[in-house]
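We count residues from 1, following the sequence as given. Values in this document were obtained by computation on a predicted structure and should not be read as measured data.
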Amino acid sequence: MRQPKLKSKSTVHENVRSAARVIAAQKEASAAELDPVIHERMRLGIISALAVRDALTFSELKRLLEATDGNLSVHARKLEDANYVVCTKSFEGRVPRTEYRITSQGRKALERYLDQMEQIIHQTRGN
């Protein structure tokens with residue numbers, strides 16, 4: 001019976017290096033996989049603020065993020081369309097009140113986004 005030929009140390013090391021490059025490329029590709037709905041600065045601000053509060057009104061978000069009515073409205077709508085936040089409209093007396101809450105889907109998307117960002121930061125710093 002013929003003995004299988006053993007691989008040289010250099011071949012083994014090259015295979016390990018090659019596998020490491022594939023894994024690194026996969027991790028680096030995660031930067032391209034960031035959720036574009038959350039990645040935009042204003043939407044990241046909205047969803048982050050909602051993640052630490054039960055709810056925020058339109059006025060509170062506007063003041064907190066130093067946003068214009070139109071800018072906040074457009075970005076909040078994008079988050080609503082993605083089912084990351086819900087919007088409830090009501091009246092307090094005669095004054096309209098718009099309130100936003102993060103959904104469980106939005107919370108999971110934010111956690112996934114933050115995990116990906118942490119990975120990118122560790123790779124960039126060489127950790």
Side-chain angles (χ1 to χ4, degrees):
M1 182 169 176
R2 193 169 180 209
Q3 291 286 335
K5 189 174 179 182
L6 294 176
K7 294 182 180 181
S8 70
K9 280 187 177 181
S10 63
T11 304
V12 171
H13 287 286
E14 183 53 39
N15 288 343
V16 169
R17 283 191 293 265
S18 178
R21 282 192 295 270
V22 169
I23 291 169
Q26 288 172 345
K27 286 182 180 179
E28 288 171 13
S30 66
E33 300 295 320
L34 288 171
D35 186 335
V37 175
I38 294 177
H39 191 61
E40 199 286 325
R41 186 186 68 81
M42 182 63 67
R43 292 192 292 264
L44 181 58
I46 294 167
I47 201 161
S48 296
L50 293 172
V52 296
R53 299 280 299 273
D54 286 338
L56 288 166
T57 66
F58 185 87
S59 298
E60 290 169 331
L61 279 170
K62 181 180 166 186
R63 194 171 34 255
L64 181 67
L65 301 172
E66 299 178 355
T68 63
D69 287 0
N71 199 14
L72 180 58
S73 181
V74 165
H75 290 294
R77 177 61 57 119
K78 285 257 190 198
L79 291 168
E80 280 182 85
D81 292 344
N83 295 316
Y84 290 174
V85 301
V86 293
C87 173
T88 307
K89 296 184 182 237
S90 61
F91 283 90
E92 283 186 0
R94 293 183 180 198
V95 178
R97 177 182 171 94
T98 303
E99 189 174 78
Y100 295 94
R101 294 177 187 275
I102 191 170
T103 64
S104 61
Q105 185 176 346
R107 190 170 301 282
K108 287 176 189 168
L110 178 59
E111 287 172 9
R112 192 169 42 252
Y113 176 85
L114 293 174
D115 288 343
Q116 289 173 316
M117 287 301 295
E118 284 177 351
Q119 249 184 351
I120 292 166
I121 291 166
H122 287 298
Q123 288 170 1
T124 304
R125 290 186 174 158
N127 296 340

Note to self: As an exercise, state the distance from OG of Ser48 to CG of Leu65, rounded to the nearest 0.5 Å.
What the structure shows: 9.0 Å
Check: Between Gly106 and Ile47, which heavy-atom pair has the shortest distance, and what is it?
Finding: O-CD1, 3.7 Å
Next item on the list: Check side chain to side chain contact (heavy atoms under 4.5 Å, CB included) between Asn71 and all other residues, then give those that pass, not counting sequence neighbours.
Entry: Met42, Thr68, His75
Note to self: To the closest 0.5 Å, what do you measure between CG (Asp69) and OG (Ser59)?
What the structure shows: 8.0 Å
Checklist line | Heavy-atom closest contact (Gln105 atom, Ala82 atom, distance) | finding: NE2-O, 3.6 Å
Next item on the list: Hey, could you give me each pair passing salt bridge (Lys or Arg N to Asp or Glu O under 4.0 Å) that has a residue in residues 102-121? Not counting sequence neighbours.
Entry: none
Checklist line | Of all pairs that satisfy salt bridge (Lys or Arg N to Asp or Glu O under 4.0 Å), the ones with a partner from residues 36-57, not counting sequence neighbours | finding: none
Next item on the list: State, to 0.1 Å, how close Val85 and Ala76 come at their nearest heavy-atom pair, and which atoms those are.
Entry: CG2-O, 4.0 Å
Next item on the list: State which residues pass side chain to side chain contact (heavy atoms under 4.5 Å, CB included) with Val74; sequence neighbours excluded, sorted by chain then number.
Entry: none
Margin query: Go through it in stages, so that I can follow the logic: the residues are Leu56 and Ile46, the test is side chain to side chain contact (heavy atoms under 4.5 Å, CB included), and I'd like the CA-CA distance, side-chain angles, deciding distance and then a yes or no.
Written below: CA-CA 9 Å; Leu56 288 166; Ile46 294 167; over 6 Å; no
Next item on the list: Name all residues meeting the ring-ring contact (aromatic ring centres under 6.0 Å, His included) criterion together with Tyr113; count only those two or more places apart in sequence or in a different chain, and write none if there are none.
Entry: His39
Next item on the list: Tell me, please, which residues at least two apart from Arg97 pass side chain to side chain contact (heavy atoms under 4.5 Å, CB included).
Entry: Thr57, Ser90, Glu92, Glu99
Check: If two hydrophobic side chains count as joined below 4.5 Å and joins carry through other members, does Leu61 share a cluster with Val86?
Finding: no
Note to self: Minimum heavy-atom separation for Leu110 and Leu44, please, with both atom names.
What the structure shows: CD1-CD1, 4.2 Å
Notebook entry, point to check: Which pairs, with at least one residue in residues 78-89 and sequence neighbours excluded, count as a side chain to side chain donor-acceptor pair (under 3.5 Å)?
Noted result: Asp35-Tyr84
Next item on the list: With rounding to the nearest 0.5 Å, note down the distance linking CD in Gln119 to OG1 in Thr124.
Entry: 11.0 Å
